[in-house]
Visitor: 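Starting off with a structure, shown below.
Keep in mind that the numbers below use all heavy atoms, side chains included, and drop hydrogens, waters and symmetry copies. Just so we're on the same page: letters track the sequence lines, and every chain starts at 1. All values reported here derive from a predicted model rather than from experimental measurement.
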2 protein chains.
Amino acid sequence: MPSEPKAALAAGKLAEYEQLSKIYDDIIKQPRPHLTVEGQGKVLLVLADEDRLSQRQLANRLAMSPQSVNEFVYKLVSRGLVTLDSSPRDKRVKLVSLTSAGRETIENAAREVPTFLRALSDDELSQLTELLDKVTKAMYTDIDNANPTAGVKLHKLFASRYLNRFKKQKM
Amino acid sequence: MPSEPKAALAAGKLAEYEQLSKIYDDIIKQPRPHLTVEGQGKVLLVLADEDRLSQRQLANRLAMSPQSVNEFVYKLVSRGLVTLDSSPRDKRVKLVSLTSAGRETIENAAREVPTFLRALSDDELSQLTELLDKVTKAMYTDIDNANPTAGVKLHKLFASRYLNRFKKQKM
DNA sequence: TCTTGTTAGTCAGGGTACCTGACTAAGGAG
DNA sequence: CTCCTTAGTCAGGTACCCTGACTAACAAGA
């Protein structure tokens, strides 16, 4: 395997990017209401894809414990971004739905493409997308092999989110 | 700007990668002692680059509050990965040094290149590195423009870390 | 030399993202 | 009408971060 150094360099850059993206939002996007891609933000993201889900369904789609989902849902309720109403069919389940404010929040967040991507040309953007696609695919198979139950649940989450936008813009 | 959809796709893939990498380590790397790239792990990373730093210097290099650094340092002390001894020159400062166990920990962590990168060929790895380099450079300039005081401190952190490894392997 | 201002570290307390364990209320199967 | 499962929830815990307030040490000026 002569590819070690190159892989190490790529790994370093990937780590650097991850690190930077954490502080980037805090420093740069002060004006715009940015949606974090974790916790409450993840819940909103799933709901944008499919509304009126039970907390259990959310937990499954997010590969997260139901207790955590519960916590995030109630925080979102208190922020007025989602509502809870019990299902008529099953009194145990409480359906989570986006409010118009919640829907607006995700729309705004999805609309904003990080400015630092302006450094790349169209060709480079396509290249990057393709490379990351290979990387994430490899990650999914690794995850699936290690733990078949946990994987794949959030697979379509981001892809579908951004693909939806793409389709909408084309029409 | 006709590049919007392509940028959006790339942004989506980037978000997907970030999301996955969070859960990837938890699921996959159970056997190996993985070093997280945050909190205590960040501190170790800086110390690997330059040992015997004051907590203040660590805070500066990590663009983090001194209180947080203090917390992580003491956690590392209790794990036996670093030691504290007061500077002879200035009784206020306590120098943080890696123990041999600490050094071993980072060496092991740095040695391991994520397996999902095996999905890429050497050429693709170089491409990815180059593209991410452009992206991170753009992020650094954004950060610098928005807040000249905070930026650039961790700039060399990851790069130097992995470049060092690269150089060592070449010799 | 004594005061004044700065600096390094630290304590207290707070916020968010998670987690496990234990419990209740409702549903379903026999 | 039991018995088991399921959806939600409460309690409590960990890690990563932050701000505010305080002490001890240092450094500079009167």
Visitor: Using atom CD of A:Glu38 as one end and atom P of C:dG15 as the other, report the distance to the nearest whole Å.
Guide: 18 Å
Visitor: Quick check on D:dT14: is either OP1 or OP2 less than 4.0 Å from any side-chain nitrogen or oxygen of B:Lys75?
Guide: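 For D:dT14, neither OP1 nor OP2 has a side-chain N or O of B:Lys75 closer than 4.0 Å.
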Visitor: Is there a side-chain contact between A:Leu131 and B:Leu131 (heavy atoms, below 4.5 Å)?
Guide: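 Answer yes - side chains close enough.
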Visitor: Do B:Ser68 and B:Ser65 pass the side-chain hydrogen bond (donor to acceptor under 3.5 Å, both in side chains) test, and can you show the C-alpha distance, the side-chain angles, and the key distance before you say yes or no?
Guide: CA-CA 5 Å; B:Ser68 298; B:Ser65 78; 3.0 Å; yes
Visitor: Rounded to the Å, how far apart are A:Leu58 CG and D:dT9 P?
Guide: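 In whole Å, D:dT9 P lies 12 Å from A:Leu58 CG.
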Visitor: In whole angstrom, what separates B:Lys42's NZ from D:dA15's P?
Guide: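 Rounding to the nearest Å, NZ of B:Lys42 and P of D:dA15 are 16 Å apart.
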Visitor: Return yes if the base of D:dC17 and the side-chain atoms of B:Glu71 contain a donor-acceptor N/O pair under 3.5 Å, otherwise no.
Guide: yes
Visitor: Distance check, rounded to the nearest 0.5 Å: B:Thr129 atom OG1 versus B:Glu124 atom CD?
Guide: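 With rounding to 0.5 Å, OG1 (B:Thr129) is 11.5 Å from CD (B:Glu124).
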Visitor: Would you mind reading off the distance between A:Leu62 atom CG and C:dC18 atom P, rounded to a whole angstrom?
Guide: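 Checked: the CG to P distance equals 9 Å.
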Visitor: Using a cut-off of 6.0 Å, state whether more than 12 heavy atoms not belonging to B:Glu130 lie near its atom CD.
Guide: no
Visitor: Check this one for me: any side-chain N or O of B:Ser65 less than 4.0 Å away from OP1 or OP2 of D:dC18?
Guide: yes
Visitor: Could you check how far CZ of A:Arg79 sits from P of C:dG15, rounded to whole Å?
Guide: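 Value for this atom pair: 15 Å.
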Visitor: Figure out the CZ/P separation between A:Phe72 and D:dT9, and round it to whole Å.
Guide: 14 Å
Visitor: May I ask whether A:Leu47 and A:Leu95 are part of the same hydrophobic cluster, defined by side-chain heavy atoms of I, L, V, M, F, W, Y residues being less than 4.5 angstrom apart, directly or through others?
Guide: no
Visitor: Could you write out each protein N or O paired with an N or O of nucleotides 4-9 of chain C at a distance under 3.5 Å?
Guide:
{"unit_1": "C:dT7", "atom_1": "O2", "unit_2": "B:Arg92", "atom_2": "NH1", "d": "2.7"}
{"unit_1": "C:dA8", "atom_1": "OP2", "unit_2": "B:Arg56", "atom_2": "NE", "d": "3.1"}
{"unit_1": "C:dG9", "atom_1": "OP1", "unit_2": "B:Gln55", "atom_2": "N", "d": "3.3"}
{"unit_1": "C:dG9", "atom_1": "OP1", "unit_2": "B:Lys94", "atom_2": "N", "d": "2.9"}
{"unit_1": "C:dG9", "atom_1": "OP1", "unit_2": "B:Lys94", "atom_2": "O", "d": "3.2"}
{"unit_1": "C:dG9", "atom_1": "OP2", "unit_2": "B:Gln55", "atom_2": "N", "d": "3.2"}
{"unit_1": "C:dG9", "atom_1": "OP2", "unit_2": "B:Arg56", "atom_2": "N", "d": "2.6"}

Visitor: Answer yes or no: is there a donor N or O on one side and an acceptor on the other, between the side chain of A:Ser86 and the main chain of A:Lys91, under 3.5 Å?
Guide: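 Side chain of A:Ser86 to backbone of A:Lys91, a donor-acceptor pair under 3.5 Å: no, none is there.
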Visitor: DNA chain C: B:Gln67 or A:Gly39, which has the more 5' nearest nucleotide?
Guide: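 Looking at the nearest nucleotide for each, B:Gln67 comes out on the 5' side.
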Visitor: CD of B:Gln40 versus P of D:dC17: gap in Å, rounded?
Guide: 10 Å
Visitor: Hey, could you give me the NZ/CZ distance between B:Lys94 and B:Arg52, rounded to the nearest 0.5 Å?
Guide: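 These two atoms lie 14.0 Å from each other.
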